[in-house]
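First the structure, then my questions, so here it is.
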Amino acid sequence: MQDKGENYRMINFKHIIADEISKITNIEQKEIESYIEVPNNTENGDYAFPCFKLAKSMKKAPQIIASEIKEKLVIDEIIISKIDVAGGYINFYINNDTLVKEVCKEIDDKKEKYGSSDEGKNQNIIVEYSAPNIAKEFHIGHLRTTVIGACLYNIFKYLGYNTTGINHLGDYGTQFGKIIEGYKRWGNEYNLDENPIEKLTEIYIRINDLCKEDESVLEACRENFKKLENKDPYCTQLWEKFKNLSLKEFNKTYDILGIKFDSTKGEAFYADKTQEVIDILKKNGKLEESQGAEIVDLSDKGMPPCIVCKSNGSSIYATRDLAAILYRARTYDFDKCIYVVSDEQNLYFKQIFEVAKYLDLDKKYTDGLVHVSYGMTRLATGKMSTREGNVIKVNDLLNEAISRVLDIINEKNPNMEEKQENAKKIGIGAVIFNNLCNTLAKEQIFDWNNVLNFNGETGPYIQYIYVRTKSVLEKAGYEPEIKEIDFTKLEDKESIKVLKTIYKFNETLRAVIEKYEPSILARYLIELAQNYSNFYNENKIICDDKKVQDARIFLTKAVGKVLKTGAKLLGMEMPDKM
RNA sequence: GGGUCAGUAGCUCAGUUGGAUAGAGCACAGGCCUUCUAAGCCUGGGGUCGGGGGUUCGAACCCCUCCUGGCUCACCA
């Protein structure tokens with residue numbers, strides 16, 4: 001991704017340093033900037049340029065190169081206060097006075113929009129996430145895609161992208177042929193009015209067991225699905241009933257999580273749009289008949305073939321996904337279409353992205369297809385399966401979270417107002433944060449005590465530090481104007497560290513969408529909260545010196561804003577009290 | 001068996017694209033609330049970065065190989 005930070009008004013120290021080194025070395029600014037690093041030991045400055053990389057081409061020792069560059073470097077002291085040579089490194093110390101002013105002004109200027117930008121202007125992003133199967137429980141296996149997708153959606157939007165969130169419901173396929181078959185056989189035994197999903201699940205498990213015993217039942221199920229595709233009235237009516245009951249249940253969970261979608265067009269929506277996919281593939285000579293099915297051969301790409309038409313003539317998941325790509329390209333003119341789906345389907349997405357290239361689409365669209373893959377949530381005993389009946393429902397998890405938080409509140413702060421409301425924000429915040437704080441690729445072994453931990457690097461920790469900033473501001477009883485702030489009062493070690501962290505909020509958000517990795521933001525918020533905690537413990541905020549007090553209150557307010565904004569982007573609400 | 005992802009402290013994980021003495025949290029041991037919220041802060045111990053080769057000024061990171069685990073390899077989604 002090219003540098004899109006130019007429309008971002010805050011001073012870009014790294015950029016300036018690279019510019020100056022570039023002038024001296026005659027190496028491109030961009031290349032130099034990519035070499036510049038942030039020392040892990042802050043005593044080595046804020047930015048460092050390692051000269052080792054130049055040693056070979058310049059035929060000199062890195063230390064000598066470093067000294068020579070340093071001698072020629074002219075950077076205004078207002079920007080860089082000190083330049084050191086250490087080993088083969090040139091270390092840059094930014095001017096703290098300037099940093100403090102820049103950050104404070106920016107945050108005062110942008111208020112609640114601090115960190116946002118319009119870098120995504122005129123770019124259309126689709127994020128497909130959650131996508132539960134109707135007539136099945138919404139279980140903890142669906143949680144990660146839901147919160148990851150929502151987070152990416154939020155951040156793309158915050159950075160100015162025109163973003164569309166799609167819940168690609170699993171509302172089609174042989175499974176509905178199965179449920180219809182089960183309902184046909186035993187429907188009168190079940191009352192679907194209460195706990196409809198539970199009842200449908202029971203039917204599903206029961207028919208599945210029968211299918212295992214009796215191949216002809218499975219065939220009947222497939223036939224039902226075929227009828228459904230052909231708009232058979234009886235099957236369609238049942239399917240609509242199941243879908244509506246399911247959506248009603250799912251929406252309860254989405255409401256609790258605070259998640260919304262711009263579209264809930266599921267697979268069924270594309271059922272009558274698959275013929276075009278077949279036609280285009282056929283026209284392009286990409287369709288082959290194999291064992292009665294229509295396939296696209298991908299052996300030249302080192303992949304197994306992609307089935308687009310089953311031997312009984314029915315469409316399949318891939319066909320509908322390909323139809324969706326066509327539809328979305330035309331409807332949304334997307335620059336990126338992002339699928340947040342677990343790593344189970346890595347190969348599958350590689351296949352359909354490859355087949356999509358044969359659909360006569362502009363390269364823009366096929367290049368814009370992205371699979372954001374994440375490790376699945378599993379139980380210690382293995383994979384969850386609706387068929388096996390060993391699932392943990394999201395609603396149960398959230399209720400348990402809230403109940404455990406209530407216990408803690410009753411113990412620590414029994415007189416709290418709006419206990420229930422705050423417990424909800426804290427409990428759900430903990431669950432959401434827990435789902436976002438680790439690298440996506442890692443699989444998760446579900447553990448109640450891990451998910452519902454409220455100490456250390458957790459959602460509640462961020463919320464706690466936020467509530468603390470609120471409480472300080474409340475006690476102070478006023479908020480100073482920026483023109484009253486004496487920035488030199490914020491130049492102690494702890495304040496600087498906080499401000500440096502606030503400074504990199506926007507670049508953190510950009511890293512999240514560039515790498516499709518929400519954990520970068522989650523960790524950033526932990527870091528900011530820790531930095532503020534150190535500041536808080538080292539410094540008296542409300543104190544005798546009015547100038548110092550004003551400056552520290554301003555800093556406190558800034559931290560609160562960034563924590564709240566960042567948490568909101570993750571999908572967490574902030575409680576008022578803890 | 002092929003492909004792919006992962007393996008870092010007792011446990012859960014970071015590690016800014018190959019850089020300076022590998023860092024947090026939990027747990028453990030100790031300290032800090034008559035002073036802005038102790039769901040917090042500070043101090044301490046704890047490492048063959050899965051094993052072995054290689055690439056180079058330099059490797060947790062790149063290449064090879066082996067070990068372990070997840071996922072996956074045509075009519076489910």
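In what follows, every heavy atom counts, from backbone to side chain, and hydrogens, waters and symmetry copies are set aside. Within every chain, numbering begins at 1; the chains are lettered A, B, ... in the order of the sequence lines, protein sequences first and strands thereafter. Predicted model, so just to flag it, every value in this text is computed and none were measured.
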What is the nucleic acid contact for A:Gly173, judged by heavy atoms within less than 4.0 Å: base, sugar-phosphate only, or nothing?
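Sugar-phosphate: the residue A:Gly173, judged by heavy atoms under 4.0 Å, touches backbone atoms but no base.
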
So what does A:Gln463 touch, heavy atoms closer than 4.0 Å: a base, only the sugar-phosphate, or nothing?
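No contact.
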
For A:Pro304 and for A:Glu37, locate the closest nucleotide of RNA chain B by heavy-atom distance; then report the residue assigned to the nucleotide nearer the 5' terminus.
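Between the two, 5'-proximity favours A:Glu37.
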
Using the P atom in both, what is the distance from B:C62 to B:A6, to the nearest Å?
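B:C62 and B:A6 have their P atoms separated by 9 Å.
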
Which whole number of Å gives the distance between the P atom of B:C28 and that of B:G10?
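Nearest-Å result for B:C28 against B:G10 at atom P: 16 Å.
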
Are the side chain of A:His142 and the backbone of A:His139 linked by a donor-acceptor contact shorter than 3.5 Å?
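Here the side-chain-to-backbone pair exists.
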
Just checking A:Asn453: base, sugar-phosphate only, or nothing, at a heavy-atom cut-off of under 4.0 Å?
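Nothing: the residue A:Asn453, judged by heavy atoms under 4.0 Å, touches no strand.
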
Which sits closer to the 5' end of RNA chain B, A:Gly292 or A:Lys14, going by the nucleotide each is nearest to?
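Per heavy-atom nearest nucleotide, the more 5' residue is A:Lys14.
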
Rounding to a whole Å, what distance do you find between A:Leu298:CG and B:U72:C1'?
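Result: 15 Å.
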
Grab the NZ-C1' distance between A:Lys212 and B:C76 for me, whole Å please.
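Whole-Å distance recorded here is 13 Å.
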
Report the residues that fulfil side chain to side chain donor-acceptor pair (under 3.5 Å) with A:Thr501, sequence neighbours left out, ordered by chain and then residue number.
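With neighbours one apart ignored, the set is A:Asn531.
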
What residues, two or more places apart in sequence or in another chain, satisfy salt bridge (Lys or Arg N to Asp or Glu O under 4.0 Å) together with A:Glu181?
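Here the qualifying residues are A:Lys184, A:Arg185.
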
Would you indicate whether A:Glu288, at its atom CD, is surrounded by more than 12 heavy atoms from other residues, nucleotides or ligands within a distance under 6.0 Å?
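Correct, the count exceeds 12.
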
Can you tell me how far P in B:G2 sits from the matching atom in B:C66, rounded to whole Å?
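One P to the other, the span is 9 Å.
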
Distance, P atom - from B:U16 to B:A77, rounded to whole angstrom
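Straight-line distance between the two P atoms is 40 Å.
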
When you get a sec, tell me which of B:U72, B:A20, B:A77 is the closest nucleotide to the side chain of A:Glu344?
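Looking only at side-chain atoms, A:Glu344 lies closest to B:U72.
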
Without decimals, in angstroms, what is the distance between A:Gln345 CD and B:U72 C1'?
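Going from CD in A:Gln345 over to C1' in B:U72 covers 11 Å.
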
Please report the distance separating the C1' of B:A22 from the corresponding atom of B:U8, rounded so that it comes out in whole Å.
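It comes out at 8 Å once rounded to the nearest Å.
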
Give me the distance, rounded to whole Å, that separates B:A29 from B:U34 when you measure between the C1' atoms they each carry.
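So the two C1' atoms sit 29 Å from each other.
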
What residues, two or more places apart in sequence or in another chain, satisfy salt bridge (Lys or Arg N to Asp or Glu O under 4.0 Å) together with A:Glu527?
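Partners of A:Glu527 under the salt bridge (Lys or Arg N to Asp or Glu O under 4.0 Å) test: A:Lys504.
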
From CD1 of A:Ile179 over to P of B:C76, roughly how many Å is that when rounded to an integer?
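It works out to 15 Å between those atoms.
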
In whole Å, I'd like the distance from the CG atom of A:Asn40 to the P atom of B:C61.
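Rounding to the nearest Å, CG of A:Asn40 and P of B:C61 are 16 Å apart.
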
NA contact type, A:Tyr348, heavy-atom cut-off 4.0 Å: base, sugar-phosphate, or nothing?
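Touches a base.
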
Under the rule syn = chi within 90° of 0, otherwise anti, which is B:U17?
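Classified syn.
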
Which value, in whole Å, describes the distance between the P atoms of nucleotides B:C42 and B:G25?
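The same atom, P, in both gives a distance of 8 Å.
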
Assign A:Asn91 to base, sugar-phosphate, or nothing according to its heavy-atom contacts below 4.0 angstrom with the strands shown.
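Result for A:Asn91 = base.
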
Think A:Arg523 has a side-chain N or O under 4.0 angstrom from the OP1 or OP2 of B:U16?
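Looking at the OP1 and OP2 atoms of B:U16, neither is under 4.0 Å from any side-chain N or O of A:Arg523.
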
Return the value, rounded to whole Å, for the distance between atom CG of A:Asn346 and atom P of B:G2.
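A:Asn346 atom CG is separated from B:G2 atom P by 19 Å.
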
Have a look at A:Leu347 and say if it touches a base, only the backbone sugar-phosphate, or nothing, with a 4.0 Å heavy-atom cut-off.
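Touches sugar-phosphate only.
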
Indicate whether OP1 or OP2 belonging to B:A77 is found under 4.0 Å from a side-chain N or O atom of A:Lys136.
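Answer no for this pair, as no side-chain N or O of A:Lys136 is under 4.0 Å from OP1 or OP2.
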
Rounded interatomic separation in angstrom, taking CG from A:Asp171 and P from B:A77
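About 12 Å, once rounded to whole Å.
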
Letter by letter from the 5' end, nucleotides 33-42 of chain B scores (B base, S sugar-phosphate only, - none; protein heavy atoms under 4.0 Å) --SBBSBSSS

Under the side-chain contact (heavy atoms from CB on, under 4.5 Å) test, residues paired with A:Lys564 that sit two or more places apart:
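Listed in chain order: A:Tyr466, A:Met574.
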
Name the nucleic acid region contacted by A:Lys350, choosing base, sugar-phosphate or nothing; use a 4.0 angstrom heavy-atom cut-off, strictly under.
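Nothing: the residue A:Lys350, judged by heavy atoms under 4.0 Å, touches no strand.
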
Indicate yes or no: does A:Glu573 engage A:Lys424 in a salt bridge with an N to O separation below 4.0 Å.
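A salt bridge is absent here (no side-chain N lies under 4.0 Å from a carboxylate O).
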
Secondary structure string for RNA chain B (Watson-Crick or G-U under 3.5 angstrom, | for other-strand pairs):
(((((((..((((.....[...)))).(((((.......))))).....(((((..]....))))))))))))....

Considering only atom C1', compute the distance from B:G44 to B:A9 and round it to an integer number of Å.
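It works out to 14 Å between them.
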
Can you list, in residue-number order, the parts of residues 44-54 of chain A that come under 4.0 Å of RNA chain B, counting heavy atoms only?
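Hits under 4.0 Å, by residue number: A:Asn44, A:Ala48, A:Phe52, A:Lys53.
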
Where the side chain of A:Gln291 is defined as all heavy atoms beyond and including C-beta, which of B:G7, B:A74, B:U16 is the nearest nucleotide?
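Closest nucleotide to the A:Gln291 side chain: B:A74.
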
Taking syn as any angle within 90 degrees of 0 and anti as the rest, which one fits B:C33?
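Syn.
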
What contact category does A:Ser314 fall into here, base, sugar-phosphate, or nothing, at under 4.0 angstrom with non-hydrogen atoms?
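Counting heavy atoms under 4.0 Å across all strands, no contact is made by A:Ser314.
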
Results of side-chain contact (heavy atoms from CB on, under 4.5 Å) for A:Asp550 - residues two or more places apart only
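For A:Asp550, the residues satisfying side-chain contact (heavy atoms from CB on, under 4.5 Å) (neighbours in sequence not counted) are A:Tyr478, A:Pro480, A:Glu484, A:Ile485, A:Lys546.
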
Measure from NZ or CZ of A:Lys557 to the centre of the six-membered ring of A:Phe554 and say whether it is under 6.0 Å with the direction within 45° of the ring axis.
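No, A:Lys557 does not lie over the aromatic ring of A:Phe554.
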
Please work out if A:Thr174 contacts a base, only the sugar-phosphate, or nothing of the nucleic acid, heavy-atom cut-off 4.0 Å.
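A:Thr174: backbone/sugar contact only, no base atoms under 4.0 Å.
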
What contact category does A:Met303 fall into here, base, sugar-phosphate, or nothing, at under 4.0 angstrom with non-hydrogen atoms?
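A:Met303: no heavy atom of the nucleic acid under 4.0 Å.
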
For A:Lys14, all residues meeting salt bridge (Lys or Arg N to Asp or Glu O under 4.0 Å), sequence neighbours excluded
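Salt bridge (Lys or Arg N to Asp or Glu O under 4.0 Å) check on A:Lys14 returns nothing, list empty.
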
Among residues at least two apart in sequence or on other chains, which ones pass salt bridge (Lys or Arg N to Asp or Glu O under 4.0 Å) with A:Lys412?
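A:Lys412: no salt bridge (Lys or Arg N to Asp or Glu O under 4.0 Å) contacts found.
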
State whether A:Lys470 and A:Glu474 are salt-bridged, where the test is any N-O pair (Lys NZ or Arg NE/NH1/NH2 against Asp/Glu carboxylate O) under 4.0 Å.
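Result for this pair is no, no salt bridge flagged.
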
Base, sugar-phosphate, or nothing for A:Glu527, non-hydrogen atoms under 4.0 angstrom?
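The answer is nothing, as A:Glu527 stays clear of every strand by at least 4.0 Å.
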
Using side chain to side chain donor-acceptor pair (under 3.5 Å) as the criterion, list what pairs up with A:Asp545, not counting sequence neighbours.
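Per chain and number, A:Asp545 pairs via side chain to side chain donor-acceptor pair (under 3.5 Å) with no residue.
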
All pairs passing side chain to side chain donor-acceptor pair (under 3.5 Å) where residues 36-47 of chain A contributes a residue, at least two apart
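Pairs touching residues 36-47 of chain A that pass the test: A:Asp46-A:Lys500.
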
Base, sugar-phosphate, or nothing: which does A:Arg320 touch, judged by heavy atoms less than 4.0 Å apart?
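Sugar-phosphate contact only - A:Arg320 comes under 4.0 Å of backbone atoms but never of a base.
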
Mind calculating the distance between CG (A:Asp297) and C1' (B:C73) to the nearest angstrom?
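Interatomic distance, CG of A:Asp297 to C1' of B:C73: 15 Å.
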
Should we say atom CD of A:Glu289 is surrounded by more than 12 heavy atoms from elsewhere, each under 6.0 Å from it?
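Yes.
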
